[in-house]
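Notes for the one structure printed next.
Chain naming here is simple, since letters A, B, ... match the order of the sequence lines and numbering starts at 1 in each.
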Protein chains: 2
Amino acid sequence: MTLTRESILEAALRLCSPEGGGQLTFSRLGKELGADPTAVYRHFRDKDELVLALTDLVIQEGIELARQTLPDGPSDDWRAWLAVTAHSVRTSHLARPALAVLAAARTTASPAETHSVEQLISVLHRAGLPVIEAAECYRALLDMTLAMTQYTAAFSILDRQAQEQDEAAWAVKYGMLPEDEFPLLHRSAPRLTELFRDDDTVFALVLDTFLDGVAVRIGRAGEA
Amino acid sequence: MTLTRESILEAALRLCSPEGGGQLTFSRLGKELGADPTAVYRHFRDKDELVLALTDLVIQEGIELARQTLPDGPSDDWRAWLAVTAHSVRTSHLARPALAVLAAARTTASPAETHSVEQLISVLHRAGLPVIEAAECYRALLDMTLAMTQYTAAFSILDRQAQEQDEAAWAVKYGMLPEDEFPLLHRSAPRLTELFRDDDTVFALVLDTFLDGVAVRIGRAGEA
DNA sequence: GCGCCACTGTCAATGCCATTGACAGGTGCG
DNA sequence: CGCACCTGTCAATGGCATTGACAGTGGCGC
């Protein structure tokens, strides 16, 4: 029944999943492991270190997920490459919303991802972007993806009450728009309501528009 | 010396500013007000309600900021309109990072912003986008902006130690890249290091690319 | 002017959280 | 055999939001 780094990480990941209760605390972790909560301190200096280790696992999982979808060798379909990467990162994080929230803004310089990044930049470079610009583009895409994912995760962690409260507020707001004062808003209200808690669709929208923008940049680089 | 809703909100905003110490707690708030911490409960049911009220103020401030920069009447420069709006929202939130973090994922259906949204959609509609698509675009832009802003805010709240730890990890990582294995990454390392904690630049990059994408959509709508 | 009530601030207590220091059993190595 | 280390336990600390009991204070009808 002795704890190991691995068994702890595993249990912690379980707790962070939506079914796991949604909150990662030492006492819950202790219960999950059938051990005293403070036993974890023998393996991780503090919660931060634990979170960092967990984040690393999730990143690797995301990379793995992307690898499964993407071809092994270099591909010239930069758009698919970027889209798949972004969605993989998002999916693996959303599988543990509680962790995504805790990991907010912490950047683990995981060695595992280095290779992926090189590939990503390479794809963009071969598409016609100068190296530096390709790197900037990778950075922008990843930051945007992580930010939006954590945003979604944060909401999914809230208790029902707060969620319903927000939703009700929006419904009222969009239902009562005087047509003469807000004609356009009035016409788009149904769509906006649909979009209200469909963060996935909104993300897809942002990603798609972003990629259109990247295409423009690639075009500009080509003609120069 | 009696507390009012206004004096409390004011003090709370002060605490949320970077100079204010970075954390909003009832005990700090009590100290700031020269009153018992629990006195605040006479004016706000719980912390959540307080945060929602504060968020509302910040939103109004953002709208005001945008209004100062933008022309009064309708303009046809949709790009400037969107960019100014996004930057205003970001700036007003970043003035109180601690609040931005707390407000994550809470959407106050503030009546104050309705007019702004109508204008935004109108600008996009006149640029050539169908109404629904214009609304989607507004939603995408705002979500992206809020998400990235809260991402930045979350980092700026971290204690020095964590920040430096992250930065050191990155520096090591990018300094030790074997040139033969990661040729592109090696060449872009300086730029990526520059970008490391310059979230503003990264945001500008994302926004710019996103707007390029919007331009593409407007073009497509025009030719159809 | 008297009494009542709603409002507002105070105080002490509760329960959850991360973290720490003292302690104890065990294991392996000299 | 004995000693250090590893690992788990236990009790305690300090920060946090929140609650319930209590008290002063103002205004209102009578």
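- Residue contacts shown for B:Leu24 are limited to sugar-phosphate atoms, with no base heavy atom under 4.0 Å away.
- Between the side chain of B:His93 and the backbone N or O of B:Val89, at least one donor-acceptor pair lies under 3.5 Å.
- If you measure from atom CG of A:Leu33 to atom P of D:dG8, you get 9 Å, rounded to the nearest angstrom.
- Rounded to an integer number of Å, the gap from NZ of A:Lys47 to C1' of C:dT19 is 12 Å.
- Nucleic acid contact class of A:Leu29 (heavy atoms, under 4.0 Å, all strands): none.
- Listed pair A:His43 / D:dC6 fails the phosphate criterion, with no side-chain N or O lying under 4.0 Å from OP1 or OP2.
- Residue pairs that meet the ring pair (Phe, Tyr, Trp, His ring centres under 6.0 Å) test with at least one member in residues 146-170 of chain A, sequence neighbours left out, are A:Trp170-A:Tyr174, A:Trp170-A:Phe196.
- Between B:Arg42 and B:Asp46, it is B:Asp46 whose nearest contact on DNA chain D lies nearer the 5' terminus.
- Across the helix from C:dG1-D:dC30 to C:dG30-D:dC1, the helix axis at one end is tilted relative to the axis at the other end by 20° (nearest 10 degrees, each axis from five pairs).
- A:Arg14 has a carboxylate O that lies under 4.0 Å from a charged side-chain N of A:Glu32, or vice versa, which qualifies the two as a salt bridge.
- Atoms OH (A:Tyr41) and C1' (C:dC23) sit 18 Å apart, rounded to a whole Å.
- Summarising the geometry, the separation between CZ on A:Phe44 and P on D:dG8 is reported as 12 Å, rounded to the nearest angstrom.
- At a threshold of 4.0 Å, the pair B:Arg45-B:Glu49 counts as salt-bridged, since one of the basic side-chain nitrogens sits closer than that to a carboxylate oxygen.
- A distance-only check finds a donor-acceptor pair linking the side chain of B:Arg139 to the backbone of A:Leu195 [under 3.5 Å].
- We find that CG of A:Asp36 is positioned 14 Å from P of C:dC17, with the value rounded to whole Å.
- In this structure, B:Arg90 pairs ionically with B:Asp200, as a charged nitrogen and a carboxylate oxygen lie closer than 4.0 Å.
- Judged by atom type and distance alone, B:Ser27 does not reach the base of D:dC16 through any side-chain donor-acceptor pair under 3.5 Å.
- Judged by distance alone, with hydrogens and angles left aside, A:Thr25 brings no side-chain donor or acceptor close enough to the base of C:dC16 to form a pair under 3.5 Å.
- Pairs passing the side chain to side chain donor-acceptor pair (under 3.5 Å) check and including a residue from residues 53-64 of chain B, sequence neighbours excluded, read B:Glu61-B:Arg96.
- Across the protein-nucleic acid pair, B:Gln23 atom CD and D:dG14 atom C1' stand 15 Å apart, rounded to whole Å.
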